[in-house]
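Taking it in order: structure first as structure tokens, then the write-up.
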Amino acid sequence: MKAVKGKPPAAAGETAREVAASRLYWMAAGCYVALTALLFVWLIWLAPPPESLRSPVLLIFLLPLVLGLRGVLHRRRYTLQWTGMLILLYFIHGLLAATGAAPQRWLGAAEILLTLGYFSAVMLILRRGKQRHKAGQSAG
């Protein structure tokens, strides 16, 4: 992509509302989808809560992730911002599970890795976009 006089080139597909479909974005999206799938399998099959608590626990754990899924898959900058903060709650849950009972330790460790991968990738994506925006404003 060619730079316009005095302005740095923007990443292909990056706009004010959407981030570019880079490798970093695909890593973040993969971590997000994998975390959603991990929690679903965890709560339904691997270590389900008691039958009376299953529906409320599924709603509490999966609903926030499912609400953000469409925006993450459509590369929406605002959705990446709020899911980046939301994912910190799942990081805490993963820490508690990883230091808890033996059967759920590996699930907690997997949750920690996925949340760290998502958070790191999203913060780098958003930082890069902010730097490009500032460079574009100072040049124009």
Side-chain angles (χ1 to χ4, degrees):
M1 187 175 275
K2 202 164 126 181
V4 178
K5 188 176 182 181
K7 290 190 179 182
E14 184 151 343
T15 66
R17 294 185 65 199
E18 294 178 352
V19 299
S22 63
R23 277 189 240 151
L24 203 53
Y25 162 75
W26 288 112
M27 186 186 104
C31 286
Y32 192 86
V33 170
L35 177 65
T36 305
L38 172 74
L39 286 173
F40 181 76
V41 171
W42 183 346
L43 297 172
I44 293 294
W45 183 50
L46 297 174
E51 188 68 36
S52 61
L53 294 176
R54 192 166 294 166
S55 294
V57 168
L58 281 170
L59 281 173
I60 290 169
F61 278 95
L62 291 177
L63 186 62
L65 289 173
V66 171
L67 289 175
L69 187 60
R70 183 170 187 252
V72 169
L73 294 178
H74 282 91
R75 303 186 335 249
R76 301 234 167 82
R77 188 176 304 278
Y78 181 74
T79 305
L80 291 176
Q81 290 172 346
W82 70 261
T83 55
M85 295 301 111
L86 171 73
I87 211 82
L88 296 175
L89 295 173
Y90 293 93
F91 175 75
I92 293 169
H93 177 261
L95 281 176
L96 292 173
T99 58
Q104 295 185 7
R105 284 187 184 155
W106 70 273
L107 294 167
E111 187 175 7
I112 290 169
L113 289 175
L114 290 171
T115 57
L116 285 176
Y118 181 76
F119 184 79
S120 301
V122 164
M123 291 302 122
L124 289 171
I125 290 166
L126 296 173
R127 182 175 181 220
R128 185 183 306 155
K130 185 177 179 181
Q131 288 172 342
R132 283 193 183 116
H133 180 70
K134 279 186 176 182
Q137 279 184 337
S138 64

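Positions are given from 1 along the sequence.
- Hydrophobic clustering (side-chain heavy atoms under 4.5 Å, transitive across Ile, Leu, Val, Met, Phe, Trp, Tyr) groups Y25 together with L69.
- To the nearest 0.5 Å, the span separating CZ on R54 from CG on L59 amounts to 13.5 Å.
- Between the CG atom of L86 and the OG1 atom of T79 there is a distance of 11.5 Å, given to the nearest 0.5 Å.
- Rounding to the nearest 0.5 angstrom, the gap separating the CG atom in L24 from the CE atom in M123 is 11.5 Å.
- Around the CH2 atom of W26, the shell of radius 6.0 Å holds no more than 12 heavy atoms that belong to other residues, nucleotides or ligands.
- The shortest distance between side-chain heavy atoms of L80 and Y118 falls below 4.5 Å.
- If you take CG on L88 and CG on L116, they are separated by 9.0 Å, rounding to the nearest 0.5 Å.
- For the residue pair A98 and A109, the shortest heavy atom distance occurs at CB-N, 4.0 Å.
- In this structure the side chain of R77 reaches within 4.5 angstrom of the side chain of Q81, judged on heavy atoms.
- The OG atom of S22 sits 8.0 Å away from the CD atom of E14 when rounded to the nearest 0.5 Å.
- Heavy-atom contacts from other residues, nucleotides or ligands closer than 6.0 Å to CZ of R17 number 12 or fewer.
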Anything under 3.5 Å between a donor and an acceptor, one on a side chain of residues 29-46, the other on a protein residue two or more places apart or in another chain? List them.
unit_1 : atom_1 : unit_2 : atom_2 : d
Y32    : OH     : L65    : O      : 2.6
T36    : OG1    : Y32    : O      : 3.0

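- A chain of hydrophobic side-chain contacts below 4.5 Å, direct or via other Ile, Leu, Val, Met, Phe, Trp or Tyr residues, connects L114 to W82.
- Under a 3.5 Å cut-off, the side chain of R75 and the backbone N or O of V19 do form a donor-acceptor pair.
- The side-chain heavy atoms of T83 and I87, taken from C-beta on, include no pair separated by under 4.5 Å.
- Taking CD1 of I112 as the reference point, atom CD1 of I92 lies at 11.0 Å (rounded to 0.5 Å).
- The ring pair (Phe, Tyr, Trp, His ring centres under 6.0 Å) test applied to Y90 returns no partner, not counting sequence neighbours.
- Proximity of F91 to E111: side-chain heavy atoms (C-beta onward) are nowhere separated by under 4.5 Å.
- Using modelled atom types, no side-chain atom of R105 and backbone atom of A97 make a donor-acceptor pair closer than 3.5 Å.
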